[in-house]
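These numbers come from the heavy atoms of this one structure, side chains and all, not from hydrogens, waters or symmetry mates. Given the structure is predicted, the values throughout are model-derived calculations rather than measurements.
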Amino acid sequence: MPDATENDESSQTAIDDARVLRGLGYKQELSRRLSGFSNFAISFSIICILAGGVSSFHLGLSSVGGASIGLGWPLVALFSMAVAATMGQLASAFPTAGGLYHWAAILGGRGWGWATAWFNLAGLVTVLAAINVGTYRFAATALGVGHGDADSWREHLVQSLVVVAITGSQAAINHLGIGVTAKLTDFSGYWILLVSAVLVGCLLWLAPGLDFARLITFQNFSGEAGGGVWPRTDQMAMLFALGALLPAYTITGFDASAHASEETVGASEMVPRGIVRSVLISGIAGWALLSAVVLAAPSVVEAANQGEGAFLWILRSALPGWLAFGLSAGIVVSQYLCGLATVTSASRMAFAFARDGGLPFSSAVRWVCPKRRSPAVSIWLVSSAAVLFTVYTPVYSTITAVCTILLYLSYVLPSVLGALAYGRTWTVMGPWRLGRWYRPLAWLSAVGCGGLIVIGMQPPNERSLWVVGGMAAILAAVWFAGERNRFPGPPVSLLTHAEAPRIEIPANATS
């Protein structure tokens, strides 16, 4: 049992967290009970290499083969680490549930904050859609049911109904409160590592041979050679770039640690650690896992020809049937918990934005259940929106492209604004900081994000141009048509951080 000293330290930390939050203009409404590990586990569960890495494996393999994993994955993972590091410094300075939206508003003004909020919220809703569609399609194939003709109305209907059931159950669990969700996401963190380790060990042990040259070999699997995943092209550089959507989509969702700031004890230090560690561990573990899958394939050519079914084809070819089925079931559990954690993250973002009047019917969306201290309305709102998006665009690769672009836009915008404000209007940092490395990493993140936007809008994902471009145009029109006169922004959006935490903070503040 904890001794009196530990209890005193915990109480003091809670008071300090509440004072920082009060300094940013908010009272403590959500239940602050997440540990540092729980904060990490939420982001790690959303990144979930057994979700994005597995369900999107064909996006990489069917581009340039093994080189997409061996070379493309670590390259994009390093980019994601740069983004995560700059986000970590911002999260340490401004530990609120709004996360990225608050950072952008405080550092760049209300307009940038408002745009970032919409990009982030839309990205979280679409990534929830992508996760649950991927869960359904993987589970259906793994169980031998199949999912029929992906273009038929009947398949769209079945997919929609199953996604409704999956998403609805995830929302119901979140509705019960952060205590239940935290237990499941903590379990998810351990489960992902366990299943991944067993999978890697089995694949490497039972592989007929280990040809490591596969991981740096470029092959053109566009068109029919890759199961029709990517249109036929002879441009290997573009094909390699398209394969980058696999790691880019997989390593998203680490903003969840920031959105859980107001429920995390010692947020100024624990949140940035959660962000960076979730990306670092996912990057390394994901590289090991997918490299093992490539090495275990009886033939890379035959595997790529399977298209969307490449991962399961390799699994069934390399492992005994019972083992492949058991590991597939373990993967489905991870994918479900990934969606569960995403509902947590998205609902906190919606709650924080509504708290400042940024959403239609904000007074309802920001409501917190007094018994469970969870943002009940926002939980069901984001879950419903995710289901509706799958009806609009059931094409999996397009869903992944859209959510990846929107999320990285919302990640990089505050970092760039921070680089512009660094040392001028932003002079007081949190306890977790990068020092002189912040600005170079922020600009590197911006360049990488620009490249990702271009890649994500290439065929067959042209619809992502209309989704993202249309959204940007609508946001600009709505902002200048009157929203800029109505939306107040976060309470401290017009103050520097040097002033904000020191304004009207009672010495005994606890809420």
Side-chain angles (χ1 to χ4, degrees), residues 34-54 56 60 69-92 95 99-100 127 185-186 188-197 199-200 215 244 246-261 264 266-292 334 337-338 341-342 345 404 407-408 411-412 414-415 430-435 437-438 440-442 444-445 448-449 452:
L34 293 182
S35 65
F37 178 81
S38 295
N39 183 276
F40 152 81
I42 287 180
S43 285
F44 188 63
S45 296
I46 296 179
I47 295 174
C48 189
I49 56 176
L50 294 175
V54 167
S56 299
I69 309 300
L71 301 176
W73 181 282
L75 184 64
V76 176
L78 287 173
F79 157 68
S80 298
M81 273 299 299
V83 175
T86 56
M87 284 175 59
Q89 177 155 325
L90 292 165
S92 183
L100 302 86
V127 81
T185 51
D186 284 357
S188 176
Y190 292 115
W191 184 253
I192 291 169
L193 292 174
L194 174 63
V195 175
S196 298
L199 188 55
V200 169
L215 299 175
L246 164 61
Y249 163 64
T250 303
I251 309 177
T252 55
F254 45 91
D255 54 322
S257 290
H259 293 313
S261 291
T264 301
S268 293
E269 293 191 24
M270 293 299 106
V271 170
R273 291 180 186 177
I275 292 172
V276 174
R277 287 175 180 172
S278 64
V279 173
L280 176 62
I281 296 175
S282 295
I284 295 172
W287 192 19
L289 171 64
L290 298 187
S291 294
S334 291
L337 294 174
C338 173
T342 305
S345 178
T404 302
L407 284 175
Y408 272 99
Y411 294 170
V412 170
S415 295
W432 197 97
R433 66 195 74 178
L434 297 171
W437 288 102
Y438 176 81
L441 290 177
L444 177 63
S445 300
C449 183
L452 191 59

Heavy-atom closest contact ([X] atom, [Y] atom, distance):
| X | Y | value |
| --- | --- | --- |
| Leu441 | Ala85 | CD1-CB, 4.2 Å |
| Ser282 | Trp73 | O-CZ2, 4.0 Å |
| Gly52 | Leu246 | O-CD1, 3.9 Å |
| Ala341 | Ser45 | CB-CB, 4.0 Å |
| Phe44 | Ser278 | N-CB, 3.8 Å |
| Trp191 | Ser334 | CD1-OG, 2.9 Å |

### Message
Ile49 and side chain to side chain contact (heavy atoms under 4.5 Å, CB included): which single residue from Ile251, Val54, Val195, Ile192 fits?
### Response
Ile192
Hey, could you give me the [atom1]/[atom2] distance between [X] and [Y], rounded to the nearest 0.5 Å?
| X | Y | atom1 | atom2 | answer |
| --- | --- | --- | --- | --- |
| Ile46 | Leu407 | CD1 | CG | 9.5 Å |
| Ser445 | Tyr408 | OG | OH | 9.5 Å |
| Phe37 | Ile42 | CZ | CD1 | 11.0 Å |
| Ile281 | Phe40 | CD1 | CZ | 4.0 Å |
| Ile47 | Tyr249 | CD1 | OH | 12.0 Å |
| Arg273 | Ser268 | CZ | OG | 11.0 Å |

### Message
Would you say that Pro431 contacts Ser92 through its side chain, given a criterion of any heavy-atom pair below 4.5 Å between the two side chains?
### Response
yes
### Message
Any side-chain to backbone donor/acceptor pair from Ser261 onto Ala258? Under 3.5 Å, distance only.
### Response
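Pair found, side chain donor or acceptor close to backbone of Ala258.
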### Thr264 (side chain) donor-acceptor with Leu34 (main chain) under 3.5 angstrom
no
#### Entry: From CA spacing to verdict: side chain to side chain contact (heavy atoms under 4.5 Å, CB included), Val276, Met87
CA-CA 9 Å; Val276 174; Met87 284 175 59; over 6 Å; no
### Task
Take Ser38 and Thr185 through the test side chain to side chain contact (heavy atoms under 4.5 Å, CB included) and record every step on the way to the result.
CA-CA 7 Å; Ser38 295; Thr185 51; 5.6 Å; no
### Message
Within a 6.0 Å radius of atom CH2 on Trp432, are there more than 12 heavy atoms belonging to other residues, nucleotides or ligands?
### Response
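Yes.
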#### Entry: Side-chain donor-acceptor pair present, Tyr411, Thr86, cut-off under 3.5 Å
no
#### Entry: No-hydrogen, no-angle side-chain donor-acceptor test under 3.5 Å, Ser345 and Thr342
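Distance-only check fails for Ser345 and Thr342.
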